[in-house]
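Just so you know, these numbers use all the heavy atoms, side chains as well, and skip hydrogens, waters and symmetry mates. The model shown is predicted, which means the values in this text are computed figures rather than measured ones.
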Amino acid sequence: MLDVAPIGPDYIPGHAHADTLSFELSLFGHRVFVNSGTSCYGHSVERSRQRGTAAHNTVVVDGQDSSEMWAGFRVAQRARPVGLEIETNGRHMVRCAHDGYRRLPGKVEHLREWSFSENALVVEDRVSGSYGHAEARFHMHPSIKIMERCVTSSGHAALVLQLPRGQRVRLHVEGGVLREEATTWHPQFGRSEANVCLIADIDRAVLRTSLEWDSAL
């Protein structure tokens with residue numbers, strides 16, 4: 001499930017999140033990557049965090065939100081998707097950018113491309129313009145376990161993730177340094193569950209995050 005749409009109607013953005021170009025992934029009937037959801041209303045630091053870009057499976061630039069979240073139910077400058085492309089002939093690909101970071105001094109733009117096959121997903125992120133730090137975030141569902149941590153023969157960081165029924169997904173990144181962060185997932189109001197966010201600190205022109213699984217499982 002890919003988010004390549006505006007954050008919501010311009011006239012009522014109160015429940016919008018700064019989640020442009022985020023995505024969720026399910027395999028074998030199990031959720032793998034999840035956006036963080038919402039557990040609270042009102043005006044609080046926690047509600048602001050849950051609405052922010054870092055709580056979603058997308059790229060954060062210089063610690064800023066892609067759309068400016070104001071108070072509990074307000075949005076100021078908003079990210080607009082641009083250049084949406086979809087290919088279904090020969091391969092399955094979706095490409096889109098957004099202009100939410102162009103308000104920053106470096107006029108930053110984030111371009112993301114998803115490529116799908118029967119047993120693989122590749123996510124490529126390009127961040128152009130001038131900035132200090134950019135990171136791609138991948139929030140895992142609480143049921144997903146990290147079984148192995150390793151480095152590939154080409155020197156790229158890699159993980160083996162295990163789903164609840166034993167299926168395994170191999171993940172590796174090129175163009176970034178992979179780390180883990182403890183956080184929380186909020187499937188409904190008033191509910192929080194501990195989970196892990198995989199973070200790739202981008203250090204090349206292109207960050208390539210690849211996931212592969214055995215389609216026969």
Requested in this report: Find out whether Glu124 and Arg126 are in side-chain contact, i.e. whether some heavy atom of one side chain is under 4.5 Å from a heavy atom of the other.
Outcome: yes
Query raised in the report: His110 versus Val61: any side-chain heavy-atom pair under 4.5 Å?
Result: no
Query raised in the report: For residues Arg208 and Ser115, is any side-chain donor paired with an opposing acceptor at under 3.5 Å?
Result: no
Query raised in the report: Does any donor atom in the side chain of His141 or Ser143 lie under 3.5 Å from an acceptor atom in the other side chain?
Result: yes
Query raised in the report: Under the side chain to side chain contact (heavy atoms under 4.5 Å, CB included) test, which residues partner Gln50, sequence neighbours left out?
Result: Thr38, Ser39, Cys40, Glu46, His186
Give a yes or no on whether a salt bridge exists between [X] and [Y], defined as a side-chain N under 4.0 angstrom from a carboxylate O.
X: Asp65; Y: Arg51; result: no
X: Glu135; Y: Arg179; result: yes
X: Asp10; Y: Arg80; result: yes

Requested in this report: Dump the intermediate steps for side-chain contact (heavy atoms from CB on, under 4.5 Å) on Glu24 and Asn35, then the final yes or no.
Outcome: CA-CA 7 Å; Glu24 296 200 358; Asn35 287 320; 3.5 Å; yes
Requested in this report: In sequence, state the C-alpha distance, the side-chain angles, and the governing distance for Ile144 and Leu163, and then conclude on side-chain contact (heavy atoms from CB on, under 4.5 Å).
Outcome: CA-CA 5 Å; Ile144 305 302; Leu163 279 62; 3.9 Å; yes
Might you point out which heavy atoms bring [X] and [Y] nearest each other, and give the distance in Å?
X: Cys96; Y: Val4; value: CB-CG1, 3.8 Å
X: Tyr101; Y: Val59; value: OH-O, 3.0 Å
X: Trp114; Y: Arg112; value: CZ2-CD, 3.2 Å
X: Ser66; Y: Thr20; value: OG-N, 4.2 Å
X: Ala200; Y: Val173; value: CB-CG1, 4.5 Å
X: His56; Y: Ala18; value: ND1-O, 4.2 Å

Query raised in the report: Counting N and O atoms only, with roles assigned by atom type, does the side chain of Ser67 sit under 3.5 Å from a partner on the main chain of Ala79, one being a donor and the other an acceptor?
Result: yes
Query raised in the report: Would you call the rings of Phe23 and Phe138 parallel, tilted or perpendicular if under 30° counts as parallel and over 60° as perpendicular?
Result: perpendicular
Query raised in the report: When clusters are formed by joining ILVMFWY residues with side-chain heavy atoms under 4.5 Å apart, either directly or through shared neighbours, do Met93 and Leu211 land in the same one?
Result: no
Requested in this report: Would you kindly confirm whether Leu27 and Val94 end up in one hydrophobic cluster when ILVMFWY residues are joined by side chain heavy atoms under 4.5 Å apart?
Outcome: yes
Query raised in the report: Run the salt bridge (Lys or Arg N to Asp or Glu O under 4.0 Å) check on Arg137 and Glu181 step by step: do they pass?
Result: CA-CA 10 Å; Arg137 300 175 68 87; Glu181 178 181 285; 2.7 Å; yes
